[in-house]
Peer 1: 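Provided herewith is a single structure, encoded as structure tokens, for subsequent inquiry.
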Amino acid sequence: MMKALEEKILKEGEILPGHVLKVGGFLNQQMDSDFIMEIGEEIARLYKDCGVTKVLTIESSGIALAVAAGIALHVPSVFAKKHKSANMSKDVYTAEVYSYTHKETYEIAVAKEYIRKGEKVLLVDDFLANGNALRGLMKILDKAEATLVGCAVAIEKGFQGAGDELRASGIRVESLALIDSLTDEGIVFRA
Ligand code: 5GP
């Protein structure tokens, strides 16, 4: 847990309909540079002894955190591109991701040359909600025969359950702020 992130969410976050948290002022549209680097350093601290060779995320909102974590771990970061239609190129690994926030399925693609067989990959994202984004990235790692070291997200929406499901299946999932309830009455973090 990162107390400073919880405090920033309480101070600057906005609760939108549908249990959506808006953090556009420091994490999404506008990025607080120093704070993004602090998050990257915290992710690196958690995974520093795991032999990570690459950080992988999905465009666009995961990129800043993946770059920060990659800098702190001294490894490259890669982002999966999003497409609406099927990408038939044989040079990319693809997976389908359903987005509850946008109510549509999109395809993610990573060029094969950027995720090599045997690579030890850390998945990073801004939010973990229903887990579809991370599961899509895991499918890509499977296709690439790369190893999943674990996942790191800035904000986990614990009430949507996916983080605990992933942990129960043996995957390491680290979240820097874990929200158990997000309502008009306010935000409750997991103790
Ligand atoms: P999942 O695939 O785990 O359901 O959702 C993860 C993705 O949805 C994240 O990459 C994030 O961009 C977006 N997302 C999910 N919930 C929220 C939210 O409450 N606020 C924001 N800003 N993005 C969210």
Side-chain angles (χ1 to χ4, degrees), residues 1-2 5-32 35-36 39-40 43 55-70 77-84 93-110 121-142 148 150-169 171-190:
M1 289 312 135
M2 199 176 158
L5 178 57
E6 292 184 0
E7 282 163 9
K8 218 157 160 81
I9 291 168
L10 290 176
K11 200 161 155 239
E12 298 179 37
E14 256 180 79
I15 299 166
L16 302 183
H19 306 287
V20 170
L21 178 66
K22 189 171 172 237
V23 285
F26 66 96
L27 196 63
N28 286 155
Q29 185 163 16
Q30 168 171 269
M31 278 146 289
D32 179 327
F35 196 64
I36 295 280
I39 292 177
I43 293 173
V55 177
L56 178 65
T57 190
I58 299 187
E59 70 175 347
S60 56
S61 54
I63 295 176
L65 296 181
V67 171
S77 43
V78 175
F79 65 88
K81 294 194 174 193
K82 281 181 191 170
H83 301 278
K84 269 206 175 138
Y93 296 116
T94 60
E96 305 236 295
V97 174
Y98 178 73
S99 163
Y100 283 94
T101 18
H102 296 107
K103 302 270 180 282
E104 63 177 14
T105 299
Y106 58 91
E107 191 178 63
I108 56 170
V110 179
V121 180
L122 170 64
L123 301 182
V124 167
D125 208 356
D126 57 343
F127 278 87
L128 167 55
N130 290 298
N132 294 314
L134 290 180
R135 286 199 181 93
L137 291 172
M138 287 174 202
K139 279 186 230 158
I140 285 184
L141 295 187
D142 279 346
L148 170 67
C151 308
V153 297
I155 304 169
E156 175 178 343
K157 292 157 86 182
F159 56 90
Q160 294 189 232
D164 289 332
E165 275 170 33
L166 291 170
R167 290 182 189 101
S169 70
I171 295 168
R172 181 174 175 192
V173 179
E174 300 282 356
S175 47
L176 305 188
L178 206 169
I179 296 176
D180 261 339
S181 132
L182 185 72
T183 62
D184 291 339
E185 272 100 78
I187 299 173
V188 179
F189 293 102
R190 193 173 294 182

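Just so you know, ligand 1 is whichever comes first in the structure, and atom 1 is the first atom listed for that ligand.
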Peer 1: Give me the atom names and distance for the closest heavy-atom approach of Met138 to Cys151.
Peer 2: CE-SG, 3.7 Å

Peer 1: Taking side chain to side chain contact (heavy atoms under 4.5 Å, CB included) as the test, write out the residues that go with Ser175, two or more places apart.
Peer 2: Val153, Glu156, Arg167, Leu178

Peer 1: Counting non-hydrogen protein atoms only, what is the nearest one to atom 4 (O) of ligand 1? Give residue, atom name and distance.
Peer 2: Asn130 N, 2.7 Å

Peer 1: Under 4.0 Å from a heavy atom of Ser61: which atoms of ligand 1 are those, numbered in the order shown and with their elements?
Peer 2: 12 (O)

Peer 1: Can Gly62 be said to touch ligand 1, with heavy atoms closer than 4.0 Å?
Peer 2: no

Peer 1: Going by the rule salt bridge (Lys or Arg N to Asp or Glu O under 4.0 Å), which residues pair with Asp32 if we only count those two or more places apart in sequence or in a different chain?
Peer 2: Lys8

Peer 1: Would you mind checking which non-hydrogen protein atom is closest to atom 7 (C) of ligand 1, with the distance to 0.1 Å?
Peer 2: Phe127 O, 4.3 Å

Peer 1: Using a 4.0 Å heavy-atom threshold (strictly under), name the region of Lys157 that reaches ligand 1: side chain, backbone, both or neither.
Peer 2: side chain

Peer 1: Report the part of Asn28 (side chain from C-beta onward, or backbone N, CA, C, O) that has a heavy atom under 4.0 Å from ligand 1; answer both or neither where that applies.
Peer 2: side chain

Peer 1: Just to confirm my output: which protein heavy-atom neighbour is closest to atom 9 (C) of ligand 1, and how far is it?
Peer 2: Asp126 OD1, 3.5 Å

Peer 1: Name the closest protein heavy atom to atom 10 (O) of ligand 1, giving the residue it belongs to and the distance to 0.1 Å.
Peer 2: Asp125 OD2, 2.9 Å

Peer 1: Tell me, which protein residue and heavy-atom name are nearest atom 8 (O) of ligand 1, and how many Å apart are they?
Peer 2: Thr101 OG1, 4.0 Å

Peer 1: Report the nearest protein non-hydrogen atom to atom 20 (N) of ligand 1: residue, atom name, distance rounded to 0.1 Å.
Peer 2: Leu21 O, 2.7 Å

